[in-house]
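Here the structure comes first, spelled out in C-alpha cells, and everything after it is commentary.
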Amino acid sequence: EKAVRYFKIGADRNDTECMFQYAFCLFRGEGIQPDIEKAVTILKETAKRGHLPSMYYLYQCYLNGAKIDKIEALHYLKVSADKNYIYSIISYGFQLPNNDPQRIEYFKKAADQDNPIGEFLYGNELLKCDKKDVKKGLFYIKKSADKGNYLAQFEYGKLLYEGQVTAKDLKSSSHYFDLSLKSGNPEVYYDYANFLLKQEKKTETDLNKIKEYMKKSADMGYVNSMVSYAMMIANGIVKTEKGPIESIPYLQKAIDKKSTAAMIFYAKMAEKGIGFSQKEPQIAEKYFLIAGEKGFVNATVEFKVKFQND
C-alpha cells in the first residue's frame, strides 16, 4: 500500500513510469482496490508516450474484459512487439491464426532473444508448420527445457516417450517429466496424468501416478482435473474408501467455476443415483438444462429426451 501511495504521487506529477506502475497496481489490485477501467485510462496516456509495457498491458486489460476496442488493443500490442518488447512479441504471435506465416516469425523473434517461452513456442511451431523442421524444432524445445521452462520440459519428455519425431528414450523422458512436475503447476500435473491415462499399456506404477497427479491438480482447484478425477472415481478407475460419493465435492467445485462438463456428468450421476443416496431426477434436470443453456448441444438433447418427453 505504501508503494501504491508513492506511485500515485508520481503519477499526479505526470511521471510516466509512476503512472504505469500505478495503473499496473489498479489492474492487478495490488495494494489498492482493483479498477481496470481507470487503469486503461492511464495506460492509454502512457502508451501514447511510447511506453512499451503500457502498450502490452492495454492488451492484457482487453483480455480481462476492459472497455477497450480490440483493434486499438492489438495496434498497441503490435507496435510494442515490433519494438522488441518480449512479452508483446510472444502475445502478438500467440493471437495470430495457426496458418498465418507471421505467427512463426514472431515466435522466432522471441527465440532469437534467448527467451525460453519464445524458444518453446518456436520449437513447437517448427514441428507442426507446413515447412516442418524436426531437428531445429527439437533443438529449441530442448533448449527451453534445459533453461527450466516446465512446459518445454513436459513436451520434450512426451516427445522422448512417444519416440515419433525423435528416438524413444524412456530414461531421458522420465528425467524431463520429473523436472516439469517439480514446478508444482496444476496444469502440468493434469497433462502428465492425462498423458499416462491415454497410453494403451499402463503399469501399476502408471496407474498410481495418474491417481496421484490428477488428485494433486484437482485439490489445487484446476477445473479439468476436478472433472477428470471425479469421473475416474465414479467409473472405478480410481479406488477410494467411500467410492463414487467422493466424486461429488469435486464436481460441485467445478460447477461453481462454470464447468459445463462437470454439470453434464453431475446430472448423469444424479439421474442414475451414483454418489447419491437415491436417484435425483430434479437435480439431473436442473443441470442438463443449465448446460444446454450454456450451448452444450448434447445436454439440450438429453434434457428433451429424458424430461420433456416424459
Nearest heavy atoms of [X] and [Y], plus distance in Å:
| X | Y | result |
| --- | --- | --- |
| L159 | L127 | CD1-CD1, 3.9 Å |
| G275 | I248 | O-CG1, 3.8 Å |
| A39 | A23 | CB-O, 3.4 Å |
| Q153 | A145 | NE2-O, 3.2 Å |

*asked:* Determine whether M226 and V223 satisfy the following criterion, side chain to side chain contact (heavy atoms under 4.5 Å, CB included), listing intermediate values before the conclusion.
replied: CA-CA 5 Å; M226 289 193 281; V223 173; 4.1 Å; yes
Rounded at 0.5 Å granularity, tell me how far [atom1] in [X] sits from [atom2] in [Y].
| X | Y | atom1 | atom2 | result |
| --- | --- | --- | --- | --- |
| I89 | Y85 | CD1 | OH | 10.5 Å |
| Q199 | N194 | CD | CG | 10.0 Å |
| N185 | E187 | CG | CD | 6.0 Å |
| L138 | K143 | CG | NZ | 14.5 Å |

_Hydrophobic cluster identity match, M19 and F27, side-chain contacts under 4.5 Å_ =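 No, no single cluster joins them.
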Can you tell if the side chain of [X] reaches within under 4.5 Å of the side chain of [Y], non-hydrogen atoms only?
| X | Y | result |
| --- | --- | --- |
| M214 | Y189 | no |
| F195 | E162 | yes |
| E30 | V4 | no |
| S180 | Y192 | no |
| Y150 | L181 | no |
| M55 | L52 | yes |
| K44 | L58 | yes |
| L160 | Y156 | yes |

Does atom [atom1] ([X]) have a neighbourhood of more than 12 heavy atoms from anything else shown, all under 6.0 Å?
| X | atom1 | value |
| --- | --- | --- |
| K258 | NZ | no |
| I117 | CD1 | no |
| K147 | NZ | yes |
| I245 | CD1 | no |
| K128 | NZ | yes |

Donor-acceptor under 3.5 Å ([X] side chain, [Y] main chain):
| X | Y | answer |
| --- | --- | --- |
| S174 | L170 | no |
| K202 | L197 | yes |
| T46 | L43 | yes |
| R103 | L96 | yes |
| S259 | A254 | no |
| D15 | E17 | yes |
| S228 | N224 | yes |
| K109 | G93 | no |
| E246 | K242 | yes |

*Quick one: hydrophobic cluster around Y6, which other residues, with the 4.5 Å side-chain cut-off, linked directly or via members?*
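Reading the cluster by chain and number, Y6 sits alongside I9.
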*Identify whether NZ of Lys or CZ of Arg in K168 sits under 6.0 Å from the centre of the six-membered ring of Y161 and within 45° of that ring's axis.*
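Yes, cation above the ring, under 6.0 Å and within 45°.
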Which atom pairs, donor and acceptor, lie under 3.5 Å between side-chain atoms of residues 72-82 and protein residues at least two apart or in another chain?
| from | atom 1 | to | atom 2 | distance (Å) |
| --- | --- | --- | --- | --- |
| K78 | NZ | D82 | OD2 | 2.6 |
| S80 | OG | Y76 | O | 3.0 |
| S80 | OG | L77 | O | 2.9 |
| S80 | OG | S88 | OG | 2.7 |
| D82 | OD1 | Y106 | OH | 2.8 |

Whether [Y] and [X] form a salt bridge (side-chain N of Lys/Arg under 4.0 Å from carboxylate O of Asp/Glu) is what I want to check.
| X | Y | value |
| --- | --- | --- |
| D178 | K182 | no |
| E37 | K67 | no |
| K158 | E155 | yes |
| E45 | R49 | yes |

*asked:* The test is salt bridge (charged side-chain N to carboxylate O under 4.0 Å, His left out); show your working for K215 and D219 and say whether it passes.
replied: CA-CA 6 Å; K215 185 179 188 305; D219 289 341; 2.7 Å; yes
Between [X] and [Y], do the side chains contain an N or O donor and an N or O acceptor separated by less than 3.5 Å?
| X | Y | result |
| --- | --- | --- |
| D146 | Y176 | yes |
| N124 | Y140 | no |
| T203 | D206 | yes |

*Contacts of Y229 that satisfy side-chain hydrogen bond (donor to acceptor under 3.5 Å, both in side chains) - sequence neighbours left out*: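 Checked Y229 against side-chain hydrogen bond (donor to acceptor under 3.5 Å, both in side chains); zero matches.
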_Taking the six-membered ring for Trp, are Y190 and Y213 closer than 6.0 Å centroid to centroid?_
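Not close enough - the centres of the two rings lie 6.0 Å or further apart.
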*ring-ring contact (aromatic ring centres under 6.0 Å, His included) evaluation trace for F154 with F177*: CA-CA 5 Å; F154 176 79; F177 277 144; 5.5 Å; yes
_Y266 vs F288, test: ring-ring contact (aromatic ring centres under 6.0 Å, His included). Steps then yes/no._
CA-CA 9 Å; Y266 189 65; F288 274 130; over 10 Å; no
*Classify the ring geometry between F24 and F20 as parallel (under 30°), tilted (30 to 60°) or perpendicular (over 60°).*
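Tilted: the ring planes of F24 and F20 meet at 30° to 60°.
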*When you look at Y22 and I32, which way does the side chain to side chain contact (heavy atoms under 4.5 Å, CB included) test go after all the steps?*
CA-CA 9 Å; Y22 182 57; I32 192 171; 3.7 Å; yes
*Passes side chain to side chain contact (heavy atoms under 4.5 Å, CB included), K216 versus S225? Steps please.*
CA-CA 9 Å; K216 274 186 178 180; S225 298; over 6 Å; no
*Audit row: L121, I104, side chain to side chain contact (heavy atoms under 4.5 Å, CB included) steps and yes/no*: CA-CA 8 Å; L121 293 171; I104 195 169; over 6 Å; no
